[in-house]
Asks: 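First, the structure itself, so that you have it in front of you.
Order of the sequence lines sets the chain letters (A, B, ...), proteins ahead of strands, with each chain counted from 1.
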Amino acid sequence: MPTSWSDSMEKAPANGGIGATSRASRSTYVPPHLRNRPSSAETSAAPVPHAGPALGNDMQGHVGPAVGGSHSVGHRRDRSGGGGGRGGGGGWNNRSGGWDRGREREANPFQDDVDTEPAFGVQENTGINFDAYEDIPVETSGKNVPPPVNTFAEIDLGEALNLNIRRCKYVKPTPVQRHAIPISLAGRDLMACAQTGSGKTAAFCFPIISGIMTNSQSGPRPPRMPRMAFPVALILSPTRELSIQIHEEARKFAYQTGVRVVVAYGGAPINLQLRELERGVDILVATPGRLVDLLERARVSLQMIKYLALDEADRMLDMGFEPQIRRIVQQMDMPPPGVRQTLLFSATFPKEIQRLAADFLSNYVFLAVGRVGSSTDLIVQRVEYVLETDKRSHLMDLLHAQRANGVQAKQALTLVFVETKKGADSLENWLCINGFPATSIHGDRTQQEREYALRSFKSGKTPILVATDVAARGLDIPHVAHVVNFDLPNDIDDYVHRIGRTGRAGKSGLATAFFNENNSSLARPLADLMQEANQEVPAWLSRFAARSSYGRNRRGGGSGGRFGGRDFRRDSSNRGGGMDYYGSGNNVNGGYGASGGYGGGYGPTVTSAWD
DNA sequence: AAAAAAC
């Protein structure tokens, strides 16, 4: 079903080779001041991307890598206009040494999809179930909130990015994208409460890549320090696998834009990462520990940072990363809030995150997207009473039944969550002994093993993955048909994240939980959550819930049920004299405004936001 | 209590 956006896209081969694309558009040089402009007049109201605050235009004369005296300058500038239809040269940091080497060497990131998922069709690889998002409530607040868009066509991201969006088979933006992208493109700081699987990565990557392309040739150059990398954008995430995944996605979005994306995380040889950094980096995706290491070695400087994105911020704090994050953001050479643009993503919005937001953000827009669990009609949740001693045989029954039902192993991946690393090892072992193709992922396995396990699972080679919470959040694994909570987590939010690994990409999903006395603290929130999701709540679970004390293990921070959090600035204690700040009437874009669907108009209140 | 994360 083509949208106006896809209609307007020029026809291009899905796997368009480098030569083909470049040739197609090389002849149309677009001068810088006309780049990033819509071709049709009606979209002229689109927000103008924010020019980096600290950037002057006085350096414009130094366009291209001229200082290096490279003979390739001319070529590169020719190509820059053509490669993606607009400034494709990347930032100052693209040290590819000329178009011919830099361009040709860029491996096609879309090729990987075919390599790692041979068992599956290419119909949808977004991992996002768009229809399930139609009814997700969205709430924004803050001063002069840029209005959301309904299609990618309304967002002016440029030809190269549009082509990549198309290659990714994204047809329409998810709710978080519809709101966050215009906000980010307008140069605003953003505090977003959104779950993984909501399309967050693209929501912060698109504006960053677009901004880098637009401003790539302007602003001060980084000092010429040998072996020191000067990223323009930094994306921090809590786990290595999440960093890897963000990197893989960002590479797709940045393909043939000249924007270089590099990833740095622990557990892997640092030399390879150092070499990648030396080749030039615009966007650095990193876990905090490895980044601190790189900063201490003076191999990375943050002084050129224009964009900072923190993903899964609440998780990072849970994991004790706050000191390291504060060090990175506040005590190194990163430009302060207001100079850089900061995008903070978190599933929940407790006090600690509010403090972080107050310290890291400047005049931010608050965006809350409904919890994944609130709209997971496609996930059937089952809770079964299983004693600890019976868990293994019960799991085997489930797996046998799954097999008997003709569920093709390769198409129906099963993700089994356990509480401990030891438990993961022994369950994996036990499954293998009993003839089930299983592997496992947890923090005591080497990084190599972790990555291998994930690949093996994704490809369907071992369609059963036993995991600790390392895999609970953020990981986007298409085709997970069944999530088994072999051990239930203590926190209902973790449960929501875990079951969110299924029911993706338009497929229905099943989530089975093994419940017993050890989980009684979870009874009430679990029963409430299932009720909210129109799931059948077993009577025995309701009895457990009634027995457990009131208010225990309820969602903390006063979050309002459907959202992970709410904008604390709107609370009365912060209200003094704040009417001009938050009271202009465009604050709340109708809590349930998204229900109108993507094609139709958005809430009637929205257009006034620009007035 | 356990999980995650730099060497």
Side-chain angles (χ1 to χ4, degrees), chain A residues 196 234-247 262-274 276-277 284-300 302 310-329 331-332 346-348 352-353 388 415-428 440-451 453-454 465-475 485-498 501 514 516-522 552-553:
Chain A
T196 33
L234 175 64
I235 299 170
L236 287 175
S237 88
T239 67
R240 298 166 182 173
E241 279 74 16
L242 193 50
S243 285
I244 293 169
Q245 179 182 297
I246 293 170
H247 173 243
V262 174
V263 68
Y265 54 90
I270 200 167
N271 282 339
L272 275 177
Q273 294 171 8
L274 286 173
E276 284 300 308
L277 287 167
L284 176 59
V285 185
T287 48
R290 177 54 63 92
L291 178 60
V292 167
D293 190 4
L294 292 167
L295 291 167
E296 278 171 356
R297 292 175 189 230
R299 299 301 296 268
V300 169
L302 302 176
L310 294 109
D311 202 10
E312 303 276 354
D314 52 352
R315 183 112 210 275
M316 288 204 274
L317 295 200
D318 284 349
M319 290 165 63
F321 280 148
E322 179 157 9
Q324 288 171 77
I325 288 170
R326 286 199 178 269
R327 195 161 157 223
I328 290 165
V329 176
Q331 287 157 36
M332 306 303 291
S346 179
T348 57
E352 310 83 69
I353 299 290
E388 290 296 330
L415 184 51
V416 183
F417 281 106
V418 296
E419 196 61 25
T420 66
K421 295 181 276 198
K422 259 180 153 172
D425 277 336
S426 70
L427 184 59
E428 175 204 3
S440 75
I441 183 168
H442 62 71
D444 273 356
R445 303 199 71 185
T446 68
Q447 192 54 31
Q448 217 176 4
E449 288 171 328
R450 283 163 60 161
E451 285 169 43
L454 205 53
L465 179 67
V466 183
T468 60
D469 263 333
V470 68
R473 297 196 189 204
L475 289 192
N485 273 291
F486 190 87
D487 301 319
L488 272 164
N490 293 318
D491 190 330
I492 189 67
D493 284 327
D494 289 332
Y495 173 82
V496 172
H497 277 288
R498 287 180 177 186
R501 301 308 99 207
F514 296 173
N516 60 39
E517 268 79 5
N518 297 336
N519 314 112
S520 34
S521 72
L522 199 68
R552 274 229 299 149
N553 214 334

Asks: State, to 0.1 Å, how close A:Y265 and A:Q273 come at their nearest heavy-atom pair, and which atoms those are.
Replies: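 Heavy atoms of A:Y265 and A:Q273 come nearest at O-NE2, 3.0 Å.
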Asks: I want to check one thing: is the phosphate of B:dA4, taken as OP1 and OP2, less than 4.0 Å away from some side-chain N or O of A:T468?
Replies: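 Affirmative; the distance criterion is met.
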Asks: Hey, is A:D425 close enough to A:K421 for a salt bridge, meaning N to O under 4.0 Å?
Replies: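 Between A:K421 and A:D425 there is no salt bridge, as every charged N stays at least 4.0 Å from the carboxylate O atoms.
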Asks: For a quick check under 3.5 Å, do A:Q447 and A:E451 share a side-chain donor-acceptor pair by atom type?
Replies: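 The criterion, which ignores hydrogens and geometry beyond distance, is satisfied for A:E451 and A:Q447.
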Asks: Strictly below 4.0 Å: does A:R450 bring a side-chain N or O up to OP1 or OP2 of B:dA5?
Replies: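 Answer yes for this pair, as a side-chain N or O of A:R450 is under 4.0 Å from OP1 or OP2.
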Asks: Rounded to whole Å, how long is the line connecting atom CD1 of A:I328 with atom C1' of B:dA5?
Replies: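 One finds 11 Å between C1' of B:dA5 and CD1 of A:I328, rounded.
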Asks: Suppose we screen for side-chain hydrogen bond (donor to acceptor under 3.5 Å, both in side chains). Which residues come up paired with A:Q331, at least two apart in sequence or across chains?
Replies: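 If we apply the side-chain hydrogen bond (donor to acceptor under 3.5 Å, both in side chains) test to A:Q331, skipping adjacent residues, there are no hits.
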Asks: Taking only side-chain N and O atoms of A:T239, does any of them lie within less than 4.0 angstrom of OP1 or OP2 on B:dA5?
Replies: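 No, A:T239 has no side-chain N/O under 4.0 Å of OP1/OP2 on B:dA5.
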Asks: What nucleotide, of B:dA1, B:dA2, B:dA4, holds the atom closest to the side chain of A:H442?
Replies: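 Side chain of A:H442 sits closest to B:dA4.
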Asks: Just checking A:V470: base, sugar-phosphate only, or nothing, at a heavy-atom cut-off of under 4.0 Å?
Replies: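 Sugar-phosphate contact only.
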Asks: Taking OP1 and OP2 of B:dA6, is either one under 4.0 Å from a side-chain nitrogen or oxygen of A:R297?
Replies: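 No, because none of the side-chain N or O atoms of A:R297 sits under 4.0 Å from OP1 or OP2 of B:dA6.
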Asks: Rounded to the nearest angstrom, tell me the gap between atom CG in A:D444 and atom P in B:dA4.
Replies: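 After rounding, the gap between these two atoms is 7 Å.
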Asks: Can you list the residues that meet the side-chain hydrogen bond (donor to acceptor under 3.5 Å, both in side chains) rule with A:N519, with sequence neighbours excluded?
Replies: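 Listed in chain order: nothing, the list is empty.
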Asks: Using whole Å, report how far CG of A:D314 lies from C1' of B:dA4.
Replies: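 Atom CG in A:D314 sits about 13 Å away from atom C1' in B:dA4.
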Asks: Just call it for A:G267: base, sugar-phosphate, or nothing, with non-hydrogen atoms closer than 4.0 Å on any strand.
Replies: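 Here A:G267 touches the backbone only, sparing every base.
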Asks: A:L242 CG to B:dA5 P: how many Å, rounded?
Replies: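 So the CG-P distance, A:L242 to B:dA5, works out to 11 Å.
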Asks: To the nearest Å, give me how far apart CG (A:N519) and P (B:dA1) are.
Replies: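 Taking CG of A:N519 and P of B:dA1, I get 17 Å after rounding.
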Asks: Which is true for A:E296 with a 4.0 Å heavy-atom rule: it touches a base, it touches only sugar-phosphate, or it touches nothing?
Replies: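 Result for A:E296 = base.
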Asks: If you compare every side-chain N and O of A:R315 against the phosphate oxygens of B:dA4 (OP1, OP2), does one of them come in below 4.0 Å?
Replies: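 Checking A:R315 against B:dA4: no side-chain N or O falls below 4.0 Å of OP1 or OP2.
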Asks: Between B:dA5 atom C1' and A:M319 atom CE, what is the distance in whole Å?
Replies: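 Interatomic distance, CE of A:M319 to C1' of B:dA5: 6 Å.
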Asks: Figure out the CZ/C1' separation between A:F321 and B:dA3, and round it to whole Å.
Replies: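 Taking CZ of A:F321 and C1' of B:dA3, I get 11 Å after rounding.
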Asks: Hey, does the side chain of A:K421 come within less than 4.0 Å of B:dA4's phosphate (OP1/OP2), counting only N and O?
Replies: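 So the side-chain polar atoms of A:K421 do come within 4.0 Å of the phosphate oxygens OP1 or OP2 of B:dA4, strictly under.
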Asks: Establish whether the base of B:dA3 is bridged to the side chain of A:D318 by a donor-acceptor pair shorter than 3.5 Å.
Replies: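 Side chain to base: no pair present.
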Asks: In whole Å, what is the span from the NZ atom of A:K422 to the P atom of B:dA2?
Replies: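 Roughly 10 Å, once rounded to whole Å.
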